[in-house]
Amino acid sequence: MESSQVINFSFRSWYCAIVHFLKKCDLALTCGVCRDSKYGIRGSHNYNNTDINVLNFERIKWGGVRHGDILYTYFDLNQFINTDIPDPTDEDLNCFKEILSTIESSEPTDYPSALEKRLAKVVKSSKAERQVLIEILASIGVLRSRSYDRPSKGKNDWVFAEYWRGEDKYCHKTVDEYFGKYLQL
């Protein structure tokens, strides 16, 4: 998957998060629904010392890593406005179908880290890039946990995908909503 497609996935995740935020806004730093949840978008009182160059590097290198941070969301959407994202190629679509197939064939007890390892055979990428891809898919609802009453596996950096397990597979409805015109599953 090329960097433009990773950026496109990143945009889609932020678009969904912002729409959710605007629908549920409660004059807080974050969404009224997500405000008290560690899985929602985080806000801050002060953004004066934020290095935009670091945000841009992370965005280009890995598709972004601060997917729960409202400043990064704002930055990412502003960059997306000026980005020419081509339609996906047949190769891109085949890759995405393989990603979905890999998710669908997950073992019921798989954690996101197991999915990341399995995706290494499908997506030419680094571990960090695959982790961001999983986080993006989770943030837009493609990977959706059916339960949040699950143990976490040690210390990890998962935000949106932390409670996803292989038994959850992927949400066909969300895939159809966002990618159906390309995939014709």
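Computed over heavy atoms, backbone and side chain alike; hydrogens, waters and symmetry mates excluded. Residues: numbered from 1 along the sequence shown.
For Y178 against I140, the heavy-atom pair with the smallest separation is CE1-O, 3.5 Å. Closest of all the heavy-atom pairs between P112 and A161 is CG-O, 3.0 Å. Of all the heavy atoms in V123 and C95, the pair that sits closest is CG2-SG, 4.1 Å. Closest approach of R144 and C171 over heavy atoms only: NH1-SG, 3.6 Å. In this structure, E135 and F160 approach most closely via the heavy-atom pair OE1-N, 3.2 Å. Annotation for W158 and S113: closest pair CZ2-N, 3.8 Å, computed over non-hydrogen atoms.
I134 CD1 to I103 CD1: the interatomic distance, rounded to the nearest 0.5 Å, is 7.5 Å. The distance from atom CG of L93 to atom CD of E98, rounded to the nearest 0.5 Å, is 11.5 Å. Remark: R59 CZ to F80 CZ distance equals 9.0 Å, nearest 0.5 Å. The CG atom of L119 lies 5.5 Å from the OG1 atom of T102; values are rounded to the nearest 0.5 Å.
Using a 4.5 Å heavy-atom threshold, the side chains of Y182 and D92 count as separate. With contacts defined as side-chain heavy-atom distances shorter than 4.5 Å, the pair L115/D110 does not qualify. Side-chain contact between Q79 and N56 is present, with heavy atoms from C-beta onward closer than 4.5 Å. In this structure, T109 and E167 have side chains that are not in contact, with every pair of non-hydrogen atoms separated by 4.5 Å or more. By the 4.5 Å heavy-atom criterion applied to side chains, L183 and L100 are counted as neighbours. Using a 4.5 Å heavy-atom threshold, the side chains of I136 and V142 count as separate. Counting only heavy atoms from C-beta outward, the side chains of L137 and W164 never approach each other to under 4.5 Å. Within the 4.5 Å cutoff, the side chain of D76 has no heavy atoms near those of the L55 side chain.
By the neighbour-count criterion of 12 heavy atoms within 6.0 Å, atom NZ of K169 is densely surrounded, having more than that number from other residues, nucleotides or ligands. For CG of N78, the number of neighbouring non-hydrogen atoms (other residues, nucleotides, ligands) closer than 6.0 Å is greater than 12. Counting non-hydrogen atoms of neighbouring residues, nucleotides and ligands closer than 6.0 angstrom, the CG atom of D157 reaches no more than 12 such neighbours.
The aromatic rings of Y148 and Y163 sit perpendicular, their planes meeting at an angle over 60°, well past the 30° parallel limit.
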Practice task
Show your reasoning for whether side chain to side chain contact (heavy atoms under 4.5 Å, CB included) applies to S105 and R118.
Solution key: CA-CA 10 Å; S105 65; R118 293 178 66 235; 2.8 Å; yes

Exercise for the section: Kindly indicate, with the supporting measurements, whether the criterion salt bridge (Lys or Arg N to Asp or Glu O under 4.0 Å) is fulfilled by R165 and E107. Expected result: CA-CA 8 Å; R165 299 295 181 270; E107 293 296 319; over 6 Å; no

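Placement of I52 and Y72 within a single hydrophobic cluster is found when ILVMFWY residues are connected by side-chain heavy-atom separations under 4.5 Å, directly or transitively. Y170 and Y111 sit in two unconnected hydrophobic clusters of ILVMFWY residues. Membership requires side-chain heavy atoms under 4.5 Å apart, directly or through other members. Cluster membership for V54 and Y74, using ILVMFWY side-chain heavy atoms within less than 4.5 angstrom, is not shared.
Between E116 and R130 there is a salt bridge, since at least one side-chain N of the basic residue sits less than 4.0 Å from a carboxylate O of the acidic one. Electrostatic pairing of R150 and D168 counts as a salt bridge here, judged by a charged N lying under 4.0 Å from a carboxylate O.
Judged purely by atom type and a 3.5 angstrom limit, T83 has no side-chain atom pairing as donor or acceptor with the backbone of I85.
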